[in-house]
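First the proteins, then the strands, lettered A, B, ... as listed; each starts at 1. Note that these values count all heavy atoms, side chains included, but never hydrogens, waters or copies made by symmetry. The shown structure was predicted, so the numbers you read here are calculated from the model rather than taken from an experiment.
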Amino acid sequence: MHKESELRPPLILGEKTWHDITEDVCRPVESKANKWWKIAFTVAVAGLLWWIISVSYTLGTGLGVWGLNKTVGWAWDITNFVWWVGIGHAGTLISAILLLFRQKWRLSINRSAEAMTIFAVICAATFILSHMGRPWVGYWSLPLANQFGSLWVNFNSPLVWDVFAISTYFSVSIVFWYTGLIPDFAVIRDRAKTKWSKRIYTILSFGWVGTAKNWQRFEEVSLVLAGLSTPLVLSVHSVVSMDFATSIVPGWHTTIFPPYFVAGAIFSGFAMVQTLLIIVRKVLTLEDYITIYHIDMMNRVILITGSIVGVAYLTEFFIAWYSGVEYEQYAFINRATGPYWWAYWSMMTCNVITPQLFWSSKLRENVFATFIISIFVNIGMWFERFVIIVTSLHRDYVTSSWTMYSPTWVEAGIFIGSIGLFFTCFLLFARVFPVIAMSELKTIVKSSSEGAKKKSNQSNH
Amino acid sequence: MSAAEKKFVYGIFNDDEVVVNAIGTLRSQGLKVKDVISPFPIHGLDHELGLARTRISICAFIYGMTGLSLALLMMYYMNIFDWAMDIGGKPSFAFYKNLPAFIPVTFESTVLCAAHGMVITFLLRSKILPGVEPHIIHPRMADDHFVMAIQVKEDTDLAKVESLVKAAGAVEFKS
Amino acid sequence: MGHHQHIEVTSTKPYEFTRKNRMIAGVMIIIGLIAIIAQFATHHTQTWSNLLMNNFMFMGMALCATFFLAVQYVAEVGWSAVIKRPVEAMGQAIPVAGGIMVVIILLGGQSLYHWMAPGISTPGSENYDAIIAGKNAFLNPVFFWIRVVAYFVIWTYFTKLFRKNSLLSDEGDGKGYWLKNKSAAAKFLVLFAATESTMSWDFIMSIDTHWYSTLFAWYTFAGMFVTSIAALVFTITYLKSKGYLQEVTEHHLHDIGKFMFAFSIFWTYLWFCQFMLIWYSNIPEEVTYFMLRQDHYRGWWLGSFFINFIAPFVILMTRDAKRKLYLLMYMSIVIFIGHWIDTFVMVIPGSMLTAGHHAAEAGAHHGHALSLGSVGLMEIGTTLGFIGLFMYIVQHHLSKAPLVAKNHPMLEESLHHAI
């Protein structure tokens, strides 16, 4: 039998039984949407519509409607792509790395974090497709021969690595997420009242029955998927960073990029998980499952990864000076004091200083403060990518090419619209899918719930 | 043994520890306990039932190695053998010289094949696929009840089985 | 299943540092001393480089043990409670490594670090090097020595503090001392993040003074950490094979084996990132570092990659492998050798250029354009000496306190650890 130290706080509040968990998690799926959900959904769909308009306008007219120019060939598109992919990483981190580290607090949040991963990667992919200008020839990035016979994609190109990394990451994340959902769909199926919901959840649950052999395989599959996803998640943002780092652009070519991008991705992803879950626990009344302790733990991850990112910023800055390479030195001085200084200092403030507030346990356990800080981190990590991409590009080696970049309404529309797309997906998810991994959470009721802790304290004294 | 000759009766339990302990008890009393259906994975249940360890991770390894080989072969064929390109002063005329640039795709392909291959194997082996109709023995067997499947013969005295199963802690008996 | 049985702590006594083991450690230290003296006596250019790389490994094993310990506190780790005493004992080598490091750099700095050559930052001097002069604000003797002293003071302070609180907890208040160590550990980790970075630039990266890599600090960390975990695995498996630490079950071995496996992969990842990005962009400021290693140390350079990646990856992948006592012990030795080679490749190529240059100036060498390192009896002897010293320190401290901290608040959890 599993023993827990008295130092560990309960992960499920109240004296919950297994059946209570089923009831609490299924309630949002089985009942009608409340007012708050409807309001949020309306706003999200409005954003989605704006996204559709902006993307359609771009594809119909051409990339000229964006603010890009000959010097700054990548700007908001890639900033947003990297931002979204980075956000996605937290889901995989929570469900895979925390599973390997046996952190049980992941259990109440892994499902929604994984959903967030998938929607974030979808948002990221839309930027890749739209920045091609002609997405209907997007298949050219796949290893297919051209029409003359045998000119293939260039496997030396990090952009081709990206195609493989993102598509692998996306499909494996979906499979990981769905495998975990199967037993939970079976719960909803067995409770379904109407014929249609019974039929739909029967199909979704793949006819799952929890026999001993099925569970044995299920657990092994989850473990191996976690083992595969952990290096995968590292590789994905590493490959994204290599889009920059393999070049010889000052500020881009730096060897720390791969691990530093991964740390930044986890940092921003956890901030987004906080933003979402603080809303979700309130709207779906899941405060007993997503407790203050969960929020505290996530804030600690934000503090650690934020500090790692801070160390990386300082390392980059220091080594740029230490290198003695004037291009390298200029790139960093230009970031801090050049025309885009405000972006750089927004990034520094939001990413390095704000998370340090989490040294205070009062703030870590304060829901409102956490929500505000998580928004700051989201903003800061957006600026990080903007700083890396735009400030490095706008000062070319050839000074006559020096220029500035500013986005058009279309780019702004695609970005804000993509947030609408993200929330539309997430809100739909919260209505039809179980937002907490019930089957897994039930395994810790006897060891880590408040009721169990009370019982074991009584028997000890 | 054909399916028609197989007959099962079911003991319904409401606690994981009770159902696991009942396996040994009932087996020592001569019952053929074949399976336990539970709403969540029970640590050590497979051991108690005497199930063999699953070999699905070995499958994953084999799929992964297949993915690795395919990726290397593909890149060798496309970028070295069929149409070598000179990019960034690095002519790709020898496989080993280009290898560092081939590592990311090789890795992704390994993971892609291992993950998908393993999950497909899992779904096929466990026969959980869209459209499969589940055999639901108890309406709360995915919620908070545990179903123990016991194999009996046509002439088994079911009343005796029922009393044994209930004595072992079952809250309900179904035949 | 399902029984709350109580597990008794059996390791209530300290480890017994037997005469035989003292002899073994002593003989190894003497072999080391003989090797070092012999190398000096033959005016071998590699002496200082050799000492630096061995002491760096020695220091890394101790430093990362304290780091590992701090992480256990901050992350509130339960399973590792039964192996804390060996980790504490390993950390005690830090001040010794510090003393040796100061002696090495004080006496041999000019044979190791290009930037320490006299007049290197003085315009007009025949040694003048404009690039190195540009780094003078960081790489100057005064600031350098302040940093070196600060590192060892900080690391020693926290190592001793963790140990002191841990020993005091044996008297009673396990939870109180654990909480004290937890808050100290958070502070240590912040300081560690800073000092580990600058330390790796100071001791290793500044050898190849012109070269730079932003990833270098983290890469160095990964290597040190794996070596330290390997040393920990060796210590624990040795203790267990001698009948000590029976609380450590195959479940604990599995976990520590996972660390050895996972961080070997992590090291490989960083190795690849650093190499590939420099190889890919191919700019002279950076790529010369790898060209030197690729052209003159190819076997060592690739060998370290393969030993440190392929061996743990293939052998430690399965669950069963991580649970076998002797297999883990052998793997810890393999990984130690692998990272010895990696440290060799990090230190020796650059420091041998400095040493060759320094010796040529002093008139000992003529006409040698390129001074290359090699591995012979004297190098192996030196390493044996450092291993002997490490073994001596660890066993000495293990013999000072019970092998399991009996009032550790996570102990129950650790004793019941089953995966």
Side-chain angles (χ1 to χ4, degrees), chain A residues 1-8 97 100-103 156 158 223 227 230-231 234-235 238 241-242 244-249 252-260 262-263 297 300 303-304 307-308 310-312 314-326 328-329 359 446 456 459-460, chain C residues 1-5 74-76 78-79 81 130-132 134-135 137-139 175 178-179 186 189-190 193-194 197-198 201 205 210 212-219 258 262 265-266 269-270 272-278 280-283 285-286 409-419:
Chain A
M1 189 64 201
H2 188 79
K3 275 259 182 182
E4 272 202 1
S5 168
E6 49 169 335
L7 291 168
R8 306 221 185 267
I97 301 182
L100 296 181
F101 277 119
R102 290 192 301 273
Q103 293 292 318
N156 294 297
L223 195 67
T230 303
L234 260 76
S235 82
S238 299
S241 82
M242 286 166 190
F244 308 103
T246 50
S247 72
I248 49 167
V249 174
W252 283 12
H253 175 63
T254 168
T255 50
I256 207 171
F257 254 29
Y260 142 61
V262 172
M297 293 313 268
R300 289 181 199 201
L303 172 60
I304 293 166
S307 304
I308 294 176
V311 168
L314 297 178
T315 302
E316 275 192 308
F317 218 107
F318 172 79
I319 298 286
W321 168 79
Y322 177 90
S323 73
V325 180
E326 58 182 331
E328 212 44 61
Q329 292 172 341
W359 281 98
K446 280 193 172 184
S456 95
S459 66
N460 282 348
Chain C
M1 280 300 297
H3 308 296
H4 284 267
Q5 78 267 59
V74 169
E76 299 168 6
W79 69 271
I131 295 176
I132 295 179
K135 307 181 191 220
F138 184 72
L139 293 179
K175 197 174 153 186
W178 182 85
L179 286 172
L189 288 179
V190 173
S197 294
T198 50
W201 304 332
M205 197 168 86
H210 284 202
Y212 58 90
S213 165
T214 42
L215 185 55
F216 194 77
W218 296 2
Y219 171 74
K258 273 190 215 163
I265 309 294
F266 182 66
Y269 161 69
L270 296 182
F272 176 73
C273 289
Q274 180 165 279
F275 167 70
M276 194 277 286
L277 290 175
I278 289 175
Y280 199 106
S281 57
N282 206 17
I283 56 178
E285 286 88 344
E286 297 176 335
M410 299 287 182
L411 190 59
E412 270 296 284
E413 207 173 302
S414 185
L415 290 171
H416 286 86
H417 181 52
I419 44 171

Pairwise distance CH2(A:Trp321) to OH(C:Tyr212) - rounded to 0.5 angstrom
13.5 Å
Show the nearest heavy-atom pair for residues A:Pro259 and C:Tyr269, with the distance to one decimal.
N-OH, 3.5 Å
I need the A:Ser323 OG to C:Lys135 NZ distance, nearest 0.5 Å.
6.5 Å
Looking only at atom types and distance, does a side-chain atom of A:Arg8 sit under 3.5 Å from a main-chain N or O of C:Glu76, one as donor and one as acceptor?
yes
C:Trp201 ring center within less than 6.0 Å of A:Phe318 ring center:
yes
Of A:Ala320, A:Ala245, A:Ser241, the largest count of non-hydrogen pairs under 4.5 angstrom with chain C goes to A:Ala245
Taking side chain as everything from C-beta outward and backbone as N, CA, C, O, which of these in A:Val262 sits under 4.5 Å from a heavy atom of chain C? Side chain, backbone, both or neither.
side chain
Starting from the C-alpha separation in whole Å, work towards a yes-or-no answer on side-chain contact (heavy atoms from CB on, under 4.5 Å) for A:Ile319 and C:Met205.
CA-CA 11 Å; A:Ile319 298 286; C:Met205 197 168 86; 3.6 Å; yes
Atom pair CG/OG1 of C:Asn282 and A:Thr246 - distance to nearest 0.5 Å:
12.5 Å
Output the option from A:Phe257, A:Tyr322, A:Tyr260 having the highest count of non-hydrogen pairs under 4.5 Å with chain C.
A:Tyr322
With a 4.5 angstrom heavy-atom cut-off, is it the side chain or the backbone of C:Leu179 that approaches chain A, or both, or neither?
neither
Could you state the interatomic distance from NZ (C:Lys258) to CZ (A:Phe101), rounded to the nearest 0.5 Å?
9.5 Å
Would you find more than 12 non-hydrogen atoms of other residues, nucleotides or ligands less than 6.0 Å from A:Leu314 atom CG?
yes
Sort C:Ala186 into side chain, backbone, both or neither according to what part of it lies under 4.5 angstrom from a heavy atom of chain A.
both
Which one wins on heavy-atom pair count under 4.5 Å against chain A: C:Trp218, C:Trp79, C:Phe216?
C:Trp218
Hey, is the main chain of C:Thr214 close enough, under 3.5 Å, to the side chain of A:Thr255 for a donor-acceptor pair?
yes
One option among A:Thr230, A:Ile248, A:Leu100, A:Ile304 has the most heavy-atom pairs under 4.5 Å with chain C, and it is A:Ile248
Non-hydrogen atoms of chain A under 4.5 Å away: do they reach the side chain of C:Ala194, the backbone, both or neither?
neither
Can you tell which of A:Glu316, A:Met297, A:His253 has the highest number of heavy-atom pairs within less than 4.5 Å of chain C?
A:His253
So, do A:Val311 and C:Ser197 sit near enough that their side-chain heavy atoms are less than 4.5 Å apart?
yes
Under a 3.5 Å distance rule, please check whether C:Tyr280 uses its side chain to pair with a backbone N or O of A:Met242 as donor and acceptor.
no
With heavy-atom distances below 4.5 Å as the criterion, would you say the side chains of A:Pro258 and C:Leu270 are in contact?
no
From C:Cys273 SG over to A:Leu234 CG, what is the distance, rounded to the nearest 0.5 angstrom?
8.5 Å
